[in-house]
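Basis for what follows: all heavy atoms, side chains included, without hydrogens, waters or symmetry-related copies. Start at 1 and go down the list; that is how both ligands and their atoms are numbered.
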Amino acid sequence: MEIVRRVETLQDAKKNVKGSIGFVPTMGALHAGHLALIRRAREENDYVIVSIFVNPTQFLEGEDLESYPRREEADSRICKLAGVDLIFMPTADQIYEEDELCIGAPARRGYILEGEKRPGHFDGMLQVVMKLLNLSAATRAYFGKKDAQQLALITQMARSYFLSCEIVPCDIVRDAHGLALSSRNAYLSDEEKQRALALSRSLKRASRKVMSGERSVDRIIPEMEQVLDAVDRIEYIAIVDRNFRPREIVEIGDTIILVAAWVGKTRLIDNIWI
Ligand code: AMP
């Protein structure tokens with residue numbers, strides 16, 4: 001397994017690659033959620049690239065850019081065991097130039113929910129993903145449904161910029177209690193972890209309601225709010241279709257229920273696809 005920090009070295013390494021390239025972009029502090037993406041990339045491709053880059057342009061002023069967990073050694077070991085061929089771990093100066101040309105998130109889909117609470121986040125995310133997809137020359141790139149809005153925007157970018165890379169959505173990986181795995185879970189104390197379970201429980205409650213015949217968003221959301229009593233602050237609960245248009249009536253096969261909430265000083269998101 002090669003560990004590459006420079007763009008030129010990555011370009012050189014790719015010259016010898018034959019066959020398909022599977023690519024998994026991450027910000028590191030790898031967990032079983034990332035690993036599921038990596039395993040799938042390994043199964044479906046001849047060559048696997050993982051990037052580890054805590055991208056400064058997708059963090060807002062006052063967010064956790066400085067404190068975001070960085071675990072290069074452990075991450076490298078995990079990648080090696082998973083059969084990754086190359087890790088790309090650039091510094092920001094390898095990725096960005098002065099006076100950048102930027103692509104922006106679309107007005108509606110990019111500035112609601114996460115995009116409304118974190119204005120500019122998706123612009124930075126799309127900017128780096130575009131660069132990384134081009135650099136990796138990926139045949140397929142793997143993204144988690146955990147970041148559902150991100151996945152929708154990347155899929156749209158690939159479509160509207162005619163990228164040749166296939167965007168592959170991957171299911172959310174949870175711990176034994178249902179908590180969606182996230183690098184940010186490292187910030188949670190044991191007591192906070194318990195309370196954080198309210199996110200997945202509220203989604204489960206919603207999905208049980210739907211399965212028992214309830215379709216009205218107005219009746220599902222209050223049920224979720226009850227379960228979410230355990231968190232410190234709900235940022236949003238939303239029920240949308242796969243294109244992120246708000247729904248009034250749940251339609252099975254075309255609905256995503258999303259929640260964002262604060263537990264202590266940690267902001268968590270989760271969702272369920274129905
Ligand atoms: P991050 O390192 O948080 O930027 O995540 C890198 C990729 O891993 C993104 O496509 C995420 O959606 C995905 N991911 C993160 N957590 C999970 C999870 N629990 N299950 C599935 N995919 C995940």
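Counting the atoms of ligand 1 from 1 in the order shown, those under 4.0 Å from a heavy atom of Asp171 are 20 (N), 21 (C). Taking every heavy atom of Leu37 and a limit of under 4.0 angstrom, the matching atoms of ligand 1 come to 7 (C), 8 (O), 10 (O), 13 (C), 22 (N). Within ligand 1, counting atoms from 1 as listed, the ones closer than 4.0 Å to a heavy atom of Ile172 are 20 (N), 21 (C). Here is the list of ligand 1 atoms found below 4.0 Å of a heavy atom in Phe143: 10 (O). Numbered from 1 in the order shown, with element, the atoms of ligand 1 that lie under 4.0 Å from a heavy atom of Leu181 read 16 (N), 17 (C), 18 (C), 19 (N). Under a 4.0 Å criterion applied to the non-hydrogen atoms of Thr26, ligand 1 contributes the atoms 2 (O), 6 (C).
Among all protein heavy atoms, the one lying closest to atom 4 (O) of ligand 1 is Met27 CG, 3.5 Å. Protein heavy atom at the shortest distance from atom 5 (O) of ligand 1 is His34 NE2, 3.5 Å.
Comparing heavy-atom distances from atom 13 (C) of ligand 1 across Ser51, Ala148, Gly144 singles out Gly144 as nearest. Across Val173, Asp175, Val129, heavy-atom proximity to atom 18 (C) of ligand 1 is greatest for Val173. Looking at Leu179, Ile154, Ile52, Asp147, it is Asp147 that brings a heavy atom closest to atom 12 (O) of ligand 1.
With a heavy-atom cut-off of 4.0 Å, His31 touches ligand 1 through its side chain alone. For Lys145, no heavy-atom contact with ligand 1 is shorter than 4.0 Å.
At a cut-off of 3.5 Å, with distance as the only test, no side-chain donor of Arg174 or Ser200 sits close to an acceptor on the other residue. Counting only N and O atoms by type, the side chains of Thr91 and Asp93 include a donor and acceptor under 3.5 Å apart. Residues Tyr68 and Asn55 have side chains that never bring a donor and an acceptor to within less than 3.5 angstrom of each other. The closest side-chain donor-acceptor pair between Tyr142 and Glu44 falls under 3.5 angstrom.
A salt bridge links Glu191 and Arg195; the closest N-O separation between the charged side-chain nitrogens and carboxylate oxygens is under 4.0 Å. Using a 4.0 Å cut-off between charged nitrogen and carboxylate oxygen, Arg184 and Asp64 count as a salt-bridge pair. With respect to Lys15 and Asp12, a salt bridge is recorded, a charged nitrogen being found less than 4.0 Å from a carboxylate O. Salt-bridge check for Arg208 with Glu223: failed, with every basic side-chain N at 4.0 Å or more from each acidic carboxylate O. Salt-bridge check for Asp123 with Arg118: failed, with every basic side-chain N at 4.0 Å or more from each acidic carboxylate O. Of the charged side-chain nitrogens involved, at least one lies within less than 4.0 Å of a carboxylate oxygen, so that Arg219 and Glu214 count as a salt-bridged pair.
At least one heavy atom of Pro25 sits closer than 4.0 Å to an atom of ligand 1.
Checking only distances, Ser183 never comes within under 3.5 Å of ligand 1, N or O to N or O.
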